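Notes follow once the structure below has been shown.
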Amino acid sequence: MPVVATSSPSDQDLRTAVISLKSAHPTLGIAKIHALLLAGYPDWIVSEKRTKKILQSEGLTLQTSQLTAEATLASPSPTKHSKASGSGTVNAYPSSKLIPNLEISKYNAKIEVKHFNKKKGKGLVAKEKILAGTPLWKEDPYIVAAEWEIYDLQQSGQACSFCTTPFTSTITTSLITSCPASCHARFCNRLCRDRSARTHPLLCPVQNPASIPLLRWARKTEWMALHALVCMTSRVVTLCQNTKDPKDAIVAEEEWRIVSSFATLSIEDRAKNEPDSESWRKAFNLYMQAFKEPPTPPDQKKLGKLIKNPLRADISQGLFQYDAFLKNLGKMSLNLEAHGGLYVLHSHLNHSCQPNISIRHLDQRSALFRITAISLKDIEPGEELFITYVNPTMSVEQRRDKLEQWGFGKCECARCVKEEREELEAKSHIVGEGGDEDLFKFSQADLERELKIGLGVM
């Protein structure tokens, strides 16, 4: 009988494996995660106590009272609610997942992904010291929903329908190629055309005419999140059609894990004070017509040529149930970069009003497509990487209001705490100088702000 080599894994290897398993099976307890670990790594010697210690240190253990709440976070229903600080209203916090086997080293070996806790979720931290001004990584988008000015150029054949590059005098016209189905789409070269096969066919007005009303309405309403969701859905559904080779099935699985990992907050939860159910329902109906239920037999036949294999049940439910649709709209809004790109590593960056990372568009040829992350200051080992989600020139009150609208809660970064203290000191000084009249002015302003938040008009 052959002897099976056994060994005790390093803390880092074990931590990576445990976090990966917990991300893939968020509702399983310690014992079942440990059993999966031993089954997946039969040559490892690991005690359940060691597995439990890692889960606890990463904030990934589930108490009995938490199981129902955790299942709610993983389901298509609205996310768990908590009281927002100060406003008296109820906000939902975004939730996110780790991506198992994400090859972070292909971006930069000096950074790593860390899961902080259930509320904060994941983020990026430095493994080594990073000097100010260091380009950390370049990244092409998972999908891109071009800004409307660029989108119009794409529709008129004046910009690449894949990488968004406008066709100017710097583009070699002899390399420009067109959609094989002879729609309006044109591409920089054959490489862009071939890469577009992951998303373009289901959005092509010739190959899938049922998509035309959906895209027209997204453009008319300038709804960037809807446009991004359409592009993302097209990519996932297309890649899930290639199931003959086992490797293709693995690709489809990885695609869905990536989509599921992005921070999520249902648009319904975010807009509780100002719901727009009519627009959401209309968008969903057009979405279903484009990808599932074309209104006419000719359109149904054309869609059937593109979607020959049924989607896996969990993927179908995660895309085409109404609650999931609202979640995915919120997911797009939360994660889109300013120019309409959805980026895998970029989506791991958390917020600070004193960011140490800047996202730039430096590539001359595809400036609106590829991003570059650059350090703004020296970053020490173990320090988290931050960008800003809001305009940093706004006041502390304005910044916090914006973040609370997204369900992020009250920002307690060093800058906000400092500026809040300075404002309170200034108010105290004015009250001391001006008496009750000035105190009433400040109380009135604060009261007006609370009322506006309660009525959903801020």
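Note that the numbering runs from 1 along the sequence shown for the chain. Scope of the values below: all heavy atoms of this structure, side chains included, with no hydrogens, waters or symmetry mates. In this text the structure is predicted, and so the values were computed from the model without any measurement.
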Q: Measure the shortest side-chain to side-chain distance between Ile99 and Val113 over non-hydrogen atoms and say whether it is less than 4.5 angstrom.
A: no

Q. Counting only N and O atoms by type, is there a donor-acceptor contact under 3.5 Å from the side chain of Asn208 to the main-chain atoms of Leu203?
A. no

(Q) Could you walk me through whether Leu329 and Glu268 satisfy the side-chain contact (heavy atoms from CB on, under 4.5 Å) test, starting with their C-alpha distance in whole Å, then the side-chain angles of each, then the deciding distance to 0.1 Å, before giving a yes or no? (A) CA-CA 9 Å; Leu329 280 175; Glu268 187 175 34; over 6 Å; no

Q: Check the angle between the aromatic planes of His227 and Trp148 and answer parallel, tilted or perpendicular using the 30° and 60° thresholds.
A: parallel

(Q) If you compare all heavy atoms of Lys110 against all heavy atoms of Lys129, which two are closest, and at what distance to 0.1 Å? (A) NZ-O, 4.2 Å

(Q) Let's go through Tyr322 and Phe284 carefully: what are the C-alpha distance in whole Å and the side-chain angles of both, what is the deciding distance for ring pair (Phe, Tyr, Trp, His ring centres under 6.0 Å) to 0.1 Å, and is it a yes or a no? (A) CA-CA 7 Å; Tyr322 183 61; Phe284 180 68; 5.2 Å; yes

Q) According to the interplanar angle, ranging from 0 to 90°, do the rings of Tyr107 and Trp137 count as parallel (below 30°), tilted (30 to 60°) or perpendicular (above 60°)? A) perpendicular

Q.
Taking the side chain as everything from C-beta on, heavy atoms only, tell me whether Val125 gets closer than 4.5 Å to Phe116.
A. yes

(Q) One pair to check against side-chain contact (heavy atoms from CB on, under 4.5 Å): Ile307 and Leu202. What are the steps and the verdict? (A) CA-CA 9 Å; Ile307 304 179; Leu202 283 168; 4.1 Å; yes

Q | Any donor-acceptor pair under 3.5 Å from Arg198 side chain to Arg195 backbone | A | yes

Q. Does a side-chain heavy-atom distance below 4.5 Å link Gln354 with Lys418?
A. no

Q) Is it true that a side-chain atom of Asn350 and a backbone atom of Lys122 form a donor plus acceptor pair closer than 3.5 Å? A) yes

Q) Hey, does the side chain of Asn328 reach the backbone of Ala324 with a donor-acceptor pair shorter than 3.5 angstrom? A) yes

Q: Using a 4.5 Å cut-off on heavy atoms from C-beta on, say whether the side chain of Ile267 contacts that of Ser333.
A: no

Q: Please check if atom CD in Glu380 has more than 12 non-hydrogen atoms from other residues, nucleotides or ligands closer than 6.0 Å.
A: yes

Q. Considering only heavy atoms from C-beta outward, does the side chain of Arg399 approach that of Cys411 to under 4.5 Å?
A. no

Q: Would you give the length of the straight line joining atom OG1 of Thr164 to atom CD of Glu147, rounded to the nearest 0.5 angstrom?
A: 8.5 Å

Q. Could you walk me through whether Phe369 and Thr165 pass the side-chain contact (heavy atoms from CB on, under 4.5 Å) check?
A. CA-CA 8 Å; Phe369 188 71; Thr165 303; 5.8 Å; no

Q | Atom pair CE/CZ of Met288 and Phe320 - distance to nearest 0.5 Å | A | 6.5 Å

Q) Does any N or O in the side chain of Ser375 come within less than 3.5 Å of the main-chain N or O of Gly133, such that one atom is a donor and the other an acceptor? A) yes

Q. Would you say Glu139's side chain and Val344's backbone share a donor-acceptor pair under 3.5 angstrom?
A. yes

Q. Rounded to the nearest 0.5 Å, how far does CG of Leu229 lie from NZ of Lys327?
A. 14.0 Å

(Q) Restricting to non-hydrogen atoms, name the atom on Val230 and the atom on Leu215 that form the minimum distance, rounded to 0.1 Å. (A) CG1-CD2, 4.0 Å

Q | Non-hydrogen side-chain atoms of Pro392 and Pro355 separated by less than 4.5 Å | A | no

Q | Spacing of CH2 belonging to Trp44 relative to OG belonging to Ser8, to within rounding of 0.5 Å | A | 9.5 Å

Q | Separation between OG1 of Thr388 and CZ of Arg415, rounded to the nearest 0.5 Å | A | 8.0 Å

Q. Would a 4.5 Å heavy-atom cut-off, applied to side chains only, mark Ile357 and Leu124 as touching?
A. no

Q: Using only heavy-atom distances, determine whether the side chains of Thr264 and Lys331 contain a donor-acceptor pair under 3.5 Å.
A: yes

Q. For the side chain of Asn335 and the backbone of Ala263, is there at least one donor-acceptor N/O pair under 3.5 Å apart?
A. yes

**Q.** Closest heavy-atom pair and its distance - Met232, Tyr142
**A.** CG-CE2, 4.1 Å

Q | Check against side-chain contact (heavy atoms from CB on, under 4.5 Å), Phe291 and Leu319 | A | CA-CA 10 Å; Phe291 295 109; Leu319 290 175; over 6 Å; no

Q | Minimal non-hydrogen separation, Pro141 against Tyr343, with atom names | A | N-CE2, 3.3 Å

Q: Examine distances only and state if a side-chain atom of Ser234 and a backbone atom of Cys231 form a donor-acceptor pair shorter than 3.5 Å.
A: no

Q: Could you tell me whether a side-chain N or O of Glu383 sits under 3.5 Å from a main-chain N or O of Ala126, the two making a donor and an acceptor?
A: no

Q | Any donor-acceptor pair under 3.5 Å from Glu337 side chain to His339 backbone | A | yes

**Q.** Ion pair Glu222/Arg219, N-O distance below 4.0 Å
**A.** yes

**Q.** Greater than 12 external heavy atoms within 6.0 Å of Lys402's NZ
**A.** no

Q: May I ask you to decide whether Glu384 forms a salt bridge with Lys114, counting only side-chain N to carboxylate O separations under 4.0 Å?
A: no

Q: Fit a plane to each ring of Phe325 and Tyr287, take the angle between them on a 0 to 90° scale, and name the class: parallel (under 30°), tilted (30 to 60°) or perpendicular (over 60°).
A: tilted

Q | Cationic N near anionic O, under 4.0 Å, Glu278 to Lys282 | A | no

Q. Where is the tightest heavy-atom contact between Leu303 and Pro294, given as atom of each residue plus distance?
A. CD2-CG, 3.4 Å

Q) Do the non-hydrogen side-chain atoms of Leu286 and Leu226 ever get within less than 4.5 Å of each other? A) no

Q. Who passes salt bridge (Lys or Arg N to Asp or Glu O under 4.0 Å) against Arg235, sequence neighbours left out?
A. Glu255

Q: Provide the closest heavy-atom pair for Asp276 versus Ser279 in the form atom of the first, atom of the second, distance.
A: OD2-OG, 2.9 Å

Q. Residues two or more places apart in sequence or in another chain: which of them pass side-chain hydrogen bond (donor to acceptor under 3.5 Å, both in side chains) with Ser316?
A. none

Q. Between NE2 of His348 and CD1 of Ile104, what distance do you get to the nearest 0.5 Å?
A. 6.5 Å

